[in-house]
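For the numbers below, each heavy atom of this structure counts, side chains included, while hydrogens, waters and symmetry mates do not. Residues take their numbers from the sequence shown, with the count starting at 1.
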Amino acid sequence: MTTRDNGAVGRRLLAATLLLTPFQIYTVAIGEVYLPLVLVLALSLFVFYDSARLLKTSITMQCWAALMLLEGISLLWSISAREGIREIIYSLPFFVVFAACMHESRRNPRFVISILIAYSVLTLAQSALIIFFRFEPDIKMQYLQGRLAEIFANPSTINDLFGDVRNNVLDPDKSGGFEANANSGAAWVGLVGMVTIGLAVALRRKWLLIIGVVHMAAIAFTGSKAAIMVACSMVGMMWLTMFISRKMTPTRLALLVLCVVVLASLGAVVVTVGASTDFGQSSSDTLDSRKLIWAHAATEFTKNPIFGQGFGGWSASFQSYAWQQKIPDYFPPHDTFIRLWSQSGVLAVLLGAAFMIAFSMEMLKLIRSGSRIAAWIGAGIWCGFLFISIQGLGENWGLFGTLRMSPYLAACFALSRVLSYHVQPIKQHPVLHTFNGQIEHV
């Protein structure tokens with residue numbers, strides 16, 4: 001991959017894109033459509049980086065490209081082409097930021113790692129806001145009703161909070177920080193927290209570890225029950241992964257998968273046994289509402305399993321069902337794979353699963369590389385990805401997370417690929433130890 005134009009300008013634009021990602025900045029409007037500044041900056045990176053070659057070298061990104069192509073084709077049978085076009089446009093930053101960070105990581109890995117660290121530091125504003133709003137729900141409501149909220153979140157979403165499309169952030173026991181949904185706010189800091197802990201241990205930075213712990217602690221204040229259980233599971237998963245990473249035999253890999261299943265089952269048991277508590281009762285009520293949504297998805301799947309409903313099809317079919325069940329008619333699918341099927345059919349589900357598997361295999365390759373630094377960074381990125389993926393099975397932010405998550409995840413993925421590429425030469429040629437030195441002195 002080569003740069004097309006001025007490298008210094010491209011690097012500044014990449015840095016600005018990632019460092020503004022936590023804040024979004026909704027200041028650009030085209031008619032009634034509000035575009036975050038981050039989206040505009042990210043798409044502008046196409047001018048400075050040639051990304052076409054990356055599709056030949058990464059199975060993960062080939063799955064991404066195939067999914068984007070399929071979503072484009074599914075516009076032909078969609079009720080709302082506008083919704084589909086928006087989905088595709090908002091997915092593009094994942095690829096273009098990945099392309100830019102691949103180039104910059106090859107040139108100087110310290111540059112990308114420094115941006116990731118700076119992103120984590122800036123995201124402390126989100127974690128602090130989550131905690132503050134949980135203790136001061138009245139101030140939270142004043143913020144959501146004020147002009148400031150419309151800068152850091154989509155103005156249409158903020159306006160809908162007090163209209164027909166309400167959200168859980170209005171609950172006094174919920175807090176989403178900059179996000180208009182407590183669950184997505186929790187997933188965001190969960191992703192950043194896991195990656196930050198991995199970087200902190202890899203680089204031996206105690207202050208960075210403290211930042212990672214703060215992010216993880218903030219999850220408890222969001223009020224998101226699923227996020228709390230996933231957070232506990234992923235912290236354990238990271239340390240377990242590192243414990244068995246030195247020799248990842250089929251038996252140990254099976255043990256790792258079994259532990260994930262056990263942890264998920266344990267979470268379900270806790271919810272069931274604790275149903276008499278406020279936490280348990282709230283979890284049970286949430287699960288009951290999800291079951292109603294998924295029941296509708298099962299019924300609709302039998303009608304058109306191959307092509308799905310197309311963009312806009314879910315909203316159209318869910319209205320009459322919601323009236324019958326006496327639940328709000330604006331509920332989305334609340335599952336990554338149901339969302340993919342509804343939008344573009346069963347092939348989209350297969351491509352989404354292939355993307356997750358390919359991403360995980362690349363992370364496991366890095367974890368098994370033999371480099372302590374690379375292994376911890378890989379473990380942090382993988383567990384962060386698992387965090388948003390597992391929680392996404394009960395939420396509605398899609399395969400790549402929200403626009404606050406996807407550019408950051410793309411940068412992490414690019415760094416991991418470059419690290420994986422350099423680890424074997426480092427072990428074979430001592431002169432290349434300077435690559436590790438670059439990272440250790442970030």
Side-chain angles (χ1 to χ4, degrees), residues 113 116-117 120 123 127 186-220 222 224-270 356-357 359-393 405 408-409 412-413 415-416 419-420 423 436 439-440 442:
I113 291 179
L116 293 179
I117 292 174
S120 182
T123 307
S127 294
W188 172 25
V189 295
L191 165 64
V192 178
M194 295 307 302
V195 174
T196 302
I197 290 174
L199 285 170
V201 178
L203 303 175
R204 295 189 174 95
R205 299 291 187 270
K206 292 182 180 179
W207 64 269
L208 192 57
L209 181 61
I210 293 173
I211 291 176
V213 171
V214 170
H215 288 316
M216 299 304 293
I219 296 172
T222 63
S224 174
K225 300 165 287 295
I228 294 172
M229 289 186 285
V230 174
C232 295
S233 299
M234 286 303 101
V235 171
M237 183 75 169
M238 176 185 281
W239 291 99
L240 181 62
T241 299
M242 293 304 299
F243 175 72
I244 66 176
S245 65
R246 293 184 178 180
K247 191 176 181 181
M248 186 74 79
T249 63
T251 302
R252 290 186 174 186
L253 181 59
L255 176 63
L256 189 62
V257 174
L258 178 62
C259 287
V260 175
V261 174
V262 170
L263 288 171
S265 301
L266 181 61
V269 170
V270 169
M356 290 182 176
I357 293 171
F359 189 104
S360 296
M361 294 306 295
E362 293 210 42
M363 292 304 104
L364 288 173
K365 179 182 177 182
L366 182 60
I367 293 169
R368 295 178 58 194
S369 65
S371 165
R372 185 195 68 86
I373 293 175
W376 273 107
I377 292 176
I381 296 172
W382 186 45
C383 289
F385 175 69
L386 288 179
F387 195 114
I388 62 174
S389 298
I390 292 173
Q391 195 180 347
L393 297 177
M405 304 178 206
Y408 178 76
L409 183 63
C412 292
F413 183 43
L415 175 66
S416 70
L419 287 178
S420 181
V423 162
N436 267 347
I439 297 174
E440 289 176 339
V442 171

Under the 3.5 angstrom rule, does the side chain of His215 hit a backbone N or O of Ile197 as a donor-acceptor pair? no
Looking at SG of Cys412 and CD1 of Ile113, how far apart are the two atoms once the value is rounded to the nearest 0.5 Å? 10.0 Å
What is the minimum heavy-atom distance between Thr222 and Ala186, and which atoms define it? OG1-CB, 3.5 Å
Enter the distance from Thr241:OG1 to Trp382:CH2 here, rounded to the nearest 0.5 Å. 4.5 Å
Can the ring centroids of Trp239 and Trp376 be said to lie less than 6.0 angstrom from one another? yes
Sub-4.5 Å side-chain heavy-atom contact between Phe385 and Met194: no
What are the two closest heavy atoms between Thr196 and Val192, and how far apart are they? OG1-O, 2.6 Å
How far apart are the C-alpha atoms of Leu409 and Ile388, what are their side-chain angles, what is the distance that settles it, and do they pass the side chain to side chain contact (heavy atoms under 4.5 Å, CB included) test? CA-CA 10 Å; Leu409 183 63; Ile388 62 174; 4.0 Å; yes
Can you spot which of Val195, Val230, Val189 makes a side chain to side chain contact (heavy atoms under 4.5 Å, CB included) with Phe387? Val230
Any donor-acceptor N/O pair, Ser416 side chain to Phe413 backbone, under 3.5 Å: yes
Could you check if a side-chain atom of Phe359 sits within less than 4.5 angstrom of a side-chain atom of Leu386, using non-hydrogen atoms only? no
For a quick test of reading the model, state the closest non-hydrogen atom pair linking Met216 to Gly190 and the distance between them. SD-O, 3.9 Å
Any side-chain heavy atom of Val213 sitting closer than 4.5 Å to one from Ile210? no
Could you tell me if the side chain of Ile381 sits less than 4.5 Å from the side chain of Leu366, heavy atoms only? no
Could you state the interatomic distance from CD1 (Ile373) to CG (Leu199), rounded to the nearest 0.5 Å? 11.0 Å
Between Ala187 and Gln391, which heavy-atom pair has the shortest distance, and what is it? CB-OE1, 3.5 Å
From Met234 CE over to Ile219 CD1, what is the distance, rounded to the nearest 0.5 angstrom? 11.0 Å
What I'd like to find out is whether the side chain of Met238 reaches to under 4.5 Å of the side chain of Val201, using heavy atoms alone. no
Please report the C-alpha distance between Arg372 and Arg204 in whole Å, then the side-chain angles of each, then the deciding distance to 0.1 Å, and finally whether the side chain to side chain contact (heavy atoms under 4.5 Å, CB included) criterion is met. CA-CA 11 Å; Arg372 185 195 68 86; Arg204 295 189 174 95; 3.1 Å; yes
So which heavy atom on Ile211 is nearest to which on Ser120, and how close? CG2-OG, 3.4 Å
